[in-house]
Amino acid sequence: MIDKPLRVVLAEDSVILRDGMVELLGARGCTVVATAGTAPDLIAAVAEHRPDVAVVDIRMPPTHTDEGIRAAVEIRASTPGVGILVFSQHVETTWAARLLADGAAGIGYLLKERVARTSEFVDALHRVAEGGTALDPEVVTRLMRGGHRSRVDALTPREHEVLELMAQGHSNRSIATRLAVSERAVEKHVAAVFTKFDLPATDADNRRVKAVLAYLSENG
């Protein structure tokens with residue numbers, strides 16, 4: 001059985017970059033069902049095509065400030081089944097917090113200059129489309145500078161390190177590999193984070209997401 005190609009809506013106001021990304025994604029087995037050069041065009045394209053994931057730049061016409069990520073927040077509210085991958089040169093913490101306020105599932109935020117290989121970008125697209133998370137470590141760091149600092153400050157250095165890797169979408173096994181510790185050790189650190197963030201176990205809540213985003217809730 002052949003997997004269906006990933007269906008993508010691509011929002012990028014630079015024609016050269018947009019055309020290049022369409023070609024690259026096509027070569028990697030993705031189907032770009034629509035492109036958009038403005039935020040309203042992006043919203044319309046997502047509503048029409050219902051893609052697996054929308055790739056969004058932050059700064060788009062006419063003001064080139066935050067139109068793209070504002071549109072992403074709107075799409076998140078109106079079409080929650082569509083994954084959103086913000087792909088930008090900039091970190092916009094206020095709107096990023098709003099985008100993540102209802103959970104990080106199906107959300108990505110990558111910085112253009114820090115993506116070294118096309119395969120990394122395509123892997124992130126698939127992860128987000130499948131309901132996972134793909135956050136650049138720099139984005140995580142910027143977000144952690146605000147919000148409920150007391151909760152973050154209560155963590156040990158190792159717990160803080162584990163939390164950042166959780167925010168980037170890594171599993172316990174992946175975290176253990178990166179930190180060269182046992183998976184059981186990671187489980188203990190994760191449990192400590194949950195306890196310090198006062199996140200009891202429930203069937204409905206994704207505590208991994210809440211652990212990363214609890215201190216951002218008031219910003220959203």
Side-chain angles (χ1 to χ4, degrees), residues 8-18 20-21 35-47 51 53-80 82-116 120-121 123-125 127-129 131-149 151-152 160 163-170 209-220:
V8 180
V9 166
L10 175 61
E12 168 61 58
D13 64 306
S14 168
V15 175
I16 294 176
L17 181 56
R18 187 169 68 227
M21 290 181 68
T35 62
T38 68
D41 288 346
L42 165 63
I43 293 171
V46 169
V53 61
V55 179
V56 183
D57 195 4
I58 288 179
R59 300 184 178 181
M60 301 187 73
T63 69
H64 294 278
T65 54
D66 57 10
E67 286 90 342
I69 198 165
R70 283 175 180 265
V73 171
E74 183 174 335
I75 291 167
R76 178 73 160 172
S78 63
T79 322
V82 175
I84 295 173
L85 178 59
V86 177
F87 190 48
S88 179
Q89 295 175 330
H90 313 281
V91 180
E92 218 307 329
T93 54
T94 299
W95 282 98
R98 295 188 184 188
L99 182 62
L100 292 162
D102 292 327
I107 295 292
Y109 196 139
L110 300 180
L111 299 179
K112 291 178 179 178
E113 68 273 16
R114 289 168 57 91
V115 176
E120 292 178 8
F121 181 74
D123 287 347
L125 274 180
R127 194 186 316 162
V128 168
T133 305
L135 298 178
D136 185 281
E138 177 63 21
V139 174
V140 175
T141 298
R142 297 280 190 93
L143 288 172
M144 283 184 165
R145 289 176 183 168
H148 299 279
R149 287 293 304 171
R151 296 187 181 186
V152 178
H160 191 283
L163 176 58
E164 288 205 24
L165 290 170
M166 286 166 56
Q168 295 165 34
H170 292 284
V209 171
K210 286 182 176 293
V212 176
L213 302 175
Y215 50 82
L216 297 175
S217 60
E218 292 182 4
N219 293 342

If you measure from CZ on Arg59 to CD on Glu92, what distance do you get to the nearest 0.5 Å?
8.0 Å
Using the test side chain to side chain donor-acceptor pair (under 3.5 Å), find all partners of Arg70 that sit at least two apart in sequence or belong to another chain.
Asp66
For Thr65, give me all partners under side chain to side chain contact (heavy atoms under 4.5 Å, CB included), at least two apart in sequence or on another chain.
Thr63, Glu67
Restricting to non-hydrogen atoms, name the atom on Pro61 and the atom on Asp13 that form the minimum distance, rounded to 0.1 Å.
CD-CB, 3.6 Å
Between Ala71 and Leu42, the two heavy atoms sitting closest are CB-CD2, 3.9 Å
Please determine which of Ile58, Leu110, Asp57 meets the side chain to side chain contact (heavy atoms under 4.5 Å, CB included) test together with Phe87.
Leu110
Looking at CD1 of Ile43 and CD of Glu74, how far apart are the two atoms once the value is rounded to the nearest 0.5 Å?
3.5 Å
Nearest heavy atoms of Ala54 and Val46, plus distance in Å
CB-CG2, 4.1 Å
Side chain to side chain donor-acceptor pair (under 3.5 Å) with Thr38: which residues, sequence neighbours excluded?
Asp41
Would you give the length of the straight line joining atom CD of Glu12 to atom NZ of Lys112, rounded to the nearest 0.5 angstrom?
4.0 Å
Might you point out which heavy atoms bring Met60 and Gly68 nearest each other, and give the distance in Å?
SD-CA, 3.9 Å
Side chains of Val56 and Ile69, heavy atoms from C-beta outward: is any pair under 4.5 Å?
no
About how many Å separate CG of Leu135 and CD of Glu164, when rounded to the nearest 0.5 Å?
11.0 Å
Looking at every heavy atom in both Val115 and Glu120, which two are closest together, and how far apart are they?
CA-OE1, 4.0 Å
Is there side-chain contact between Leu85 and Val8, with heavy atoms separated by less than 4.5 Å?
no
Given Ile84, which of Val53, Val128, Leu99 fulfils the side chain to side chain contact (heavy atoms under 4.5 Å, CB included) condition?
Leu99
